[in-house]
Amino acid sequence: MMALEKHIEKVLFSAEVIAERVGQLGSEITSDFPGESESPVFVGVATGACLFLADLVRRIDLPIAIDFIRAESYGSGTVSSGTPRISFDLKLDLTDKHVVLVEDIVDTGNTLNCLIEHLKAKKASSVSVCTLLDKPSRRKVHFELVGKGKFYIGFQCPDEFAVGYGMDFAEQYRNLSYIGVLKPEYYMN
């Protein structure tokens, strides 16, 4: 047992459950892009989506490109600060490309909205979003996908502080193989 596991109140999604769902998402996305169409660009939102992106793209049976973007909205706190900014941009040209934005979690929608607008400005022909977790109870901003974009959701997440499988609190817990709820004493100070 890792020392960090003592900080987890309960497991929301086990490694096995995540792996199964990621496989299903990979199949769904693969079937949504007919083989002869332009190969999609998978854009991972750093740093939280890194593990999800790595597992997801290995389940995509298509020629694809991969890039990363970073938008800051949390700092080191637990509550989104509201106005995200792009702090690390893409290196690929997205003009007329189908983009699948890969997120760890969508809650208020602020960061996602900012990222979609950014990709739209880069002339992507479509923007889909694939998020591991969706917290619709926290939504504040309505975001619109681009072109024939779709919204792929791994799991609906209860309004609890989830960490693990790439998601952190103050840069810790990303390396847990599952998603769990952090005990309040570790983030309430």
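To the nearest 0.5 angstrom, L94 atom CG is 11.0 Å from K123 atom NZ. One distance of note links OG1 of T131 with CD of Q156; it measures 10.0 Å at 0.5 Å rounding. Distance check, rounded to the nearest 0.5 Å: CE of M167 to SG of C157 gives 7.0 Å. Atom CG of residue L62 and atom CD1 of residue I64 lie 7.5 Å apart, to the nearest 0.5 angstrom. One finds the CG atom of D168 at 11.0 Å from the CG atom of L176 (value rounded to the nearest 0.5 Å).
Legend: residues meeting ring-ring contact (aromatic ring centres under 6.0 Å, His included) with F155, ordered by chain and number and at least two apart, are F13. Partners of D93 according to the side chain to side chain contact (heavy atoms under 4.5 Å, CB included) rule, which considers only residues two or more places apart in sequence or in another chain, are T95. Applying the ring-ring contact (aromatic ring centres under 6.0 Å, His included) rule to Y165 yields no partners; only residues at least two apart in sequence or on another chain are considered. In this structure S87 satisfies the side chain to side chain contact (heavy atoms under 4.5 Å, CB included) test together with R70, E72, R85, sequence neighbours excluded. For K97, the side chain to side chain contact (heavy atoms under 4.5 Å, CB included) criterion is met by E38, V41, not counting sequence neighbours.
Heavy-atom neighbours of D96 CG from other residues, nucleotides or ligands within 6.0 Å: at or below the threshold of 12.
Hydrophobic cluster membership is shared by I105 and F68, with clusters built from Ile, Leu, Val, Met, Phe, Trp and Tyr side chains linked at under 4.5 angstrom. Cluster membership for V106 and I86, using ILVMFWY side-chain heavy atoms within less than 4.5 angstrom, is shared. Follow the hydrophobic side-chain contacts under 4.5 Å out from L56 and you reach L132 in the same cluster. Follow the hydrophobic side-chain contacts under 4.5 Å out from L133 and you reach V102 in the same cluster. Grouping the Ile, Leu, Val, Met, Phe, Trp and Tyr side chains by contacts below 4.5 angstrom, directly or via other members, places V43 with I153.
The closest side-chain heavy-atom distance from E103 to L115 is below 4.5 Å. A heavy-atom distance below 4.5 Å is not found between the side chains of F88 and I69. Looking at S128 and L101, their side chains never come closer than 4.5 Å, going by heavy atoms from C-beta outward. Contact check for I60 versus I29: side-chain heavy atoms found under the 4.5 Å cut-off. Between F42 and H98 the shortest side-chain heavy-atom distance does not fall below 4.5 Å. Y173 places a side-chain heavy atom less than 4.5 Å from the side chain of H7. Two residues are said to be in side-chain contact when any heavy atoms from C-beta on lie closer than 4.5 Å; V57 and I66 meet this criterion. Contact of the E160 side chain with the K10 side chain is registered, since non-hydrogen atoms from C-beta on lie closer than 4.5 Å.
Contact record, E9 with K183: N-CG, 3.6 Å, taken as the closest heavy-atom pair. The minimum heavy-atom distance between A49 and D104, with the atom names listed, is CB-N, 3.8 Å. G164 and I179 get closest at one heavy-atom pair: O-CG1, 4.0 Å. Nearest approach of L53 to G44, heavy atoms of both residues: CD2-CA, 4.0 Å. Taking every heavy atom of both residues into account, L4 and Q172 meet most closely at CD2-OE1, 4.5 Å. For the residue pair L51 and G166, the shortest heavy atom distance occurs at CD1-N, 3.5 Å.
The one candidate from V11, L12, V163 that meets the side chain to side chain contact (heavy atoms under 4.5 Å, CB included) condition with Y178 is V11. Across D159, D107, D134, a single residue satisfies salt bridge (Lys or Arg N to Asp or Glu O under 4.0 Å) together with R139, and that is D134.
Between Y187 and F161, the distance separating the two ring centers is shorter than 6.0 angstrom.
Counting only N and O atoms by type, the side chains of D89 and H118 include a donor and acceptor under 3.5 Å apart.
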Pair K91-D67, side-chain contact (heavy atoms from CB on, under 4.5 Å): steps then yes or no: CA-CA 7 Å; K91 68 179 195 322; D67 206 344; 3.7 Å; yes
Stepwise side-chain contact (heavy atoms from CB on, under 4.5 Å) check, V181 with I8: CA-CA 6 Å; V181 175; I8 302 300; 5.6 Å; no
CA sep, side-chain torsions, deciding dist, call: V99, S126, side-chain contact (heavy atoms from CB on, under 4.5 Å): CA-CA 6 Å; V99 176; S126 76; over 6 Å; no
Candidate pair C130 and L25, rule side-chain contact (heavy atoms from CB on, under 4.5 Å), full reasoning: CA-CA 8 Å; C130 183; L25 288 167; 4.2 Å; yes
Side-chain donor-acceptor contacts of residues 143-152 below 3.5 Å, not counting sequence neighbours, with atom names and distances?
residue: K150; atom: NZ; partner: D32; partner atom: OD1; Å: 3.3
residue: K150; atom: NZ; partner: D32; partner atom: OD2; Å: 3.3
residue: Y152; atom: OH; partner: D32; partner atom: OD2; Å: 2.6

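A distance-only check finds a donor-acceptor pair linking the side chain of R58 to the backbone of A54 [under 3.5 Å].
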